[in-house]
Amino acid sequence: MRIDHIHIRNFRKLKNCRIDFNKDQTIFVGANNSGKTSAMSAIIWFLKDHNRFTTREFTLTNWRDINELANSWLAANDEVENREELLASLLSPEQWDNLVPSLDLWINVDEKEAYMVYKLIPSLEWKKDLVGVRLRFEPKDIKKLYADFRTASLKVKEIKESPQYKDANNVVLKHSVNFQIQKVEMIMILILYQNSCNHIINLILKMKHELI
């Protein structure tokens, strides 16, 4: 039994990367900042040290879609018609499939080794060759993340509308510092809430094992 190949998605700069393993050894060769370290980190962290994951491992270009998802969460307030149906769709795990880091692990299994991976075999039609497992870093409790996110958003909104915040902003503008009030985005909320609520992301986001 050996690892045949892996498929890394949405981990740092590795948006969509497949790595095939040689039977004897596999060597990563590439220019600086090409993703060699990220690939090694993804393999080690997913298979052994998953407690090291943070939101910094999310592919940077995915944050726009995460922000859009966050805005749709905020828009689903109590005044929206069919709110429960809308939330059921917005809070579906499938919403995160193309956003969060994941690693597909494909193992080449000999017929005599089938008893070692019988829990991973998807059906009786298995062709006695490759068995795949998906490891994904995603919200463990999406409903709790949603509730915490809305609470944090309201707190930030309240702070930004306070006289103290506006006064501080006016002082900054007078000193000609390039400062612009931007809309509340999910990345801002996550960072603020992580600092103020005992690292909520590290408590909620856990790696989930899913058979593929």
Side-chain angles (χ1 to χ4, degrees), residues 6-18 35 38-39 41-42 45-46 50-105 133-161 165 179-212:
I6 61 173
H7 188 186
I8 303 170
R9 294 191 308 150
N10 305 313
F11 184 84
R12 298 179 185 171
K13 63 174 55 185
L14 302 178
K15 177 67 176 177
N16 194 338
C17 175
R18 169 172 169 156
S38 293
S41 296
W45 292 10
F46 270 112
H50 58 263
N51 290 326
R52 297 184 62 178
F53 277 99
T54 70
T55 52
R56 293 181 180 179
E57 273 60 68
F58 286 48
T59 298
L60 185 61
T61 55
N62 286 354
W63 278 109
R64 181 181 63 181
D65 294 329
I66 294 175
N67 290 334
E68 291 179 357
L69 178 59
N71 290 332
S72 65
W73 282 10
L74 294 176
N77 53 45
D78 296 333
E79 300 176 358
V80 175
E81 295 184 5
N82 301 322
R83 180 173 183 269
E84 294 302 322
E85 296 180 7
L86 178 61
L87 282 179
S89 174
L90 292 176
L91 301 182
S92 169
E94 285 73 21
Q95 293 281 349
W96 296 90
D97 187 51
N98 293 321
L99 300 175
V100 297
S102 68
L103 183 144
D104 294 349
L105 179 70
V133 178
R134 171 165 294 173
L135 309 176
R136 187 163 65 176
F137 182 59
E138 66 177 20
K140 183 177 181 180
D141 188 338
I142 297 180
K143 291 183 178 180
K144 182 171 179 12
L145 177 62
Y146 167 76
D148 290 337
F149 172 67
R150 285 187 61 86
T151 299
S153 299
L154 293 175
K155 288 182 179 179
V156 171
K157 182 179 180 181
E158 181 180 348
I159 291 173
K160 294 182 70 173
E161 293 177 350
Y165 181 90
F179 180 85
Q180 180 182 6
I181 300 178
Q182 299 178 346
K183 62 181 179 180
V184 177
E185 296 181 342
M186 189 171 189
I187 184 171
M188 176 182 177
I189 298 299
L190 291 176
I191 293 174
L192 288 173
Y193 205 53
Q194 185 179 34
N195 292 334
S196 62
C197 297
N198 194 25
H199 304 285
I200 191 67
I201 298 303
N202 290 330
L203 294 177
I204 295 178
L205 290 176
K206 299 294 182 183
M207 184 166 56
K208 179 181 178 182
H209 294 64
E210 176 185 334
L211 297 184
I212 58 175

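The model shown is predicted, which means the values in this text are computed figures rather than measured ones. Computed over heavy atoms, backbone and side chain alike; hydrogens, waters and symmetry mates excluded. Numbering of residues begins at 1 and proceeds along the displayed sequence.
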Point to revise | Main-chain N/O of Thr54 paired to Glu57 side chain as donor or acceptor, under 3.5 Å | key: yes

Point to revise | Donor-acceptor under 3.5 Å (Ser41 side chain, Ser38 main chain) | key: no

Point to revise | Reported CG-to-NZ distance for the pair Leu60 and Lys15, which is rounded to 0.5 angstrom | key: 11.0 Å

Revision key, fill the gap. Partner of Arg9 under side chain to side chain contact (heavy atoms under 4.5 Å, CB included), picked from Val100, Asp97, Thr59, Asn62, is Asp97

Review point. Does some side-chain heavy atom of Ser89 sit less than 4.5 Å from a side-chain heavy atom of Gln95?
Key: yes

Review point. Roughly how far, to the nearest 0.5 Å, is the CG atom of Leu135 from the CH2 atom of Trp45?
Key: 15.0 Å

Review point. When rounded to the nearest 0.5 angstrom, what distance separates CG in Asn16 from NE2 in His7?
Key: 3.5 Å

Study note, to complete from the structure: Interatomic distance, CD1@Ile66 vs CG@Leu99, rounded to 0.5 Å, equals 5.5 Å

Check your understanding: Relative to the ring of Phe53, is the ring of Phe137 parallel (under 30°), tilted (30 to 60°) or perpendicular (over 60°)?
Key -> parallel

Practice item. Determine the minimum heavy-atom distance between Ile8 and Ala42, stating which atoms define it. Key: CD1-CB, 3.9 Å

Review point. Does any N or O in the side chain of Arg12 come within less than 3.5 Å of the main-chain N or O of Gly35, such that one atom is a donor and the other an acceptor?
Key: no

Check your understanding: CG/Asn67 to CH2/Trp73 distance, rounded to the nearest 0.5 angstrom?
Key -> 12.0 Å

Review point. Atom CG in Asp104, atom CZ in Arg136: separation rounded to 0.5 Å?
Key: 9.5 Å

**Study point:** Beyond-backbone contact of Asn10 with Trp96, side-chain heavy atoms, under 4.5 angstrom
**Key:** no

Study note, to complete from the structure: Residues Pro101 and Phe11: closest non-hydrogen pair is CB-CD1, 4.1 Å

